[in-house]
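Counting from 1, the numbers follow the sequence of the chain as shown.
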Amino acid sequence: MFQLLTLSGRRRARRLPLVRRQWLRAVEEDADLALTALADAVVDGLDVATGEFVDEALARWVRSGRQGRLQRGAYERLREALATTGRSLAARLTDLYRGEPALREHRSAPEVRDMLMEYHPEHPPMELLMAVGPLGSEADWWCDLGYRAVEDGDLELADRHFARSHDLGCPHVRKRVVYLALLRVAEVGDRVQVRDALRTARELHPALDHEQLFYLDCRAVLAGAEPDVAAMVRLRVGRPDLRQLWLAQHFLRVGNPVVARARLRSCVRKAGKLTQDRYWHLDRRDDDPDPSDVLRTAKAQLARQDGRRQDGREAAGPDARLLPSVHRFDPGYLHEAPPEP
């Protein structure tokens, strides 16, 4: 098909409609190959690659729905070629989606969104994203892009996206900033870093709820930092066994074994009761501590206080496995729909 473009004069003019029809058919069958060839034709200045035909080819690609996502090489080649024409790829697609609102509900739309967010993680074409939908606000898009970065583990990128969303006035971004702060507390290991992260997260109070404050206090105990003991005993939490266990660790560290022993005995009672509850797992997340592990740890520490030899890691005290789940605070997608397929 593409060899017909080497013809010249009248024969070329007669064949151009045929070439274009075949090209549009090829776009449906293999968008990567056909659109890459179209980009080459644009760069070479071939008369088949007029602006109108490029728009028609892009519309055929989106409407066909067979391949909503282009490979990175094809996408970049097309983007670079169209940048030389005065109308960028993003501008052409934006006009297409705004001219045909029904395409927002087309099966290709999630793949196009996902492609744009992956290929432009730092500065996606925001006008195009708003045209594709489902979110019509730039503030909402930056907020959800930040959450996508959180899911991908790029907390620095998430921080930048959330800052943009906050500047644009998104009402939901604060919940996600809180979650980001809690994740930062969870990911650092050095004691000084933990204390800095705790300080930053606590600055968000009173945006933090009881469970979030409880998580910070437990993390502080694990890091050897100072928890807010007075508040910790009053917090309404779903795992009282964990509260008693981590309070016991604090009192052991500050040299108060009597209070620590009382807390450990209370932990044994509460964890034992929870292990007998057939329904406790209904509200459990995958990384929530198992009450049987909490029970073994508390019993091992009590035995160690009594002078009985204890083997195993339980006797050394709880580790990060027995922290409350930080992922329980995941706010999820707070807008009308996630920008994911």
Could [X] and [Y] be called an ion pair, given the rule that one side-chain N must be under 4.0 Å from one carboxylate O?
{"X": "Arg184", "Y": "Asp159", "value": "yes"}
{"X": "Arg296", "Y": "Asp290", "value": "no"}
{"X": "Arg69", "Y": "Glu118", "value": "yes"}
{"X": "Glu52", "Y": "Arg20", "value": "no"}
{"X": "Asp306", "Y": "Arg261", "value": "yes"}
{"X": "Arg236", "Y": "Asp209", "value": "no"}
{"X": "Asp287", "Y": "Arg328", "value": "no"}
{"X": "Asp144", "Y": "Arg176", "value": "yes"}
{"X": "Glu76", "Y": "Arg79", "value": "yes"}

Going by the ring-ring contact (aromatic ring centres under 6.0 Å, His included) test, which pairs reach into residues 99-129, not counting sequence neighbours?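 Sorted result for residues 99-129: Tyr75-Tyr119, Tyr75-His120.
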
Test of understanding: with ring pair (Phe, Tyr, Trp, His ring centres under 6.0 Å), list the residues that count as partners of His172, not counting sequence neighbours.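 His335.
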
Partners meeting side-chain contact (heavy atoms from CB on, under 4.5 Å) with Thr85 (sequence neighbours left out):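 If we apply the side-chain contact (heavy atoms from CB on, under 4.5 Å) test to Thr85, skipping adjacent residues, the hits are Val42, Leu82, Arg87, Arg92.
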
Set of residues satisfying side-chain contact (heavy atoms from CB on, under 4.5 Å) with respect to Leu168, sequence neighbours excluded: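 Leu168 satisfies side-chain contact (heavy atoms from CB on, under 4.5 Å) with Glu138, Ala139, Trp142 once adjacent residues are dropped.
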
Please set out all donor-acceptor pairs under 3.5 angstrom arising from side-chain atoms of residues 220-235, sequence neighbours excluded.
residue : atom : partner : partner atom : Å
Asp228  : OD1  : Ala231  : N            : 3.2
Arg234  : NH1  : Ala230  : O            : 3.0

Kindly assign one of parallel, tilted or perpendicular to the pair Tyr179 and Tyr147, based on the angle between their ring planes and the thresholds 30° and 60°.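 Plane angle between 30° and 60°, so tilted.
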
Is the side chain of Arg77 donor-acceptor paired with the backbone N or O of Ala39 at a distance under 3.5 Å, no angle test?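 No.
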
Test your reading of the model: is there a side-chain donor-acceptor pair from Thr36 to the backbone of Asp32, 3.5 Å cut-off?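 Side chain of Thr36 to backbone of Asp32, a donor-acceptor pair under 3.5 Å: yes, one is there.
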
Applying salt bridge (Lys or Arg N to Asp or Glu O under 4.0 Å), can you list everything that pairs with Arg263, at least two apart in sequence or on another chain?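 Testing Arg263 for salt bridge (Lys or Arg N to Asp or Glu O under 4.0 Å), a comparison that skips the adjacent residues, returns none.
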
Please say whether more than 12 non-hydrogen atoms of neighbouring residues, nucleotides or ligands are located less than 6.0 Å from CD in Gln71.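 Check fails, neighbour count at 12 or below.
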
Count the heavy atoms belonging to other residues, nucleotides or ligands that lie under 6.0 Å from CD of Glu105, then report whether that count exceeds 12.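 Counting other residues, nucleotides and ligands, CD of Glu105 stays at 12 neighbours or fewer.
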
Which atom names give the shortest non-hydrogen contact between Thr275 and Ser292, and what distance separates them?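 That closest heavy-atom pairing would be CG2-N, 3.7 Å.
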
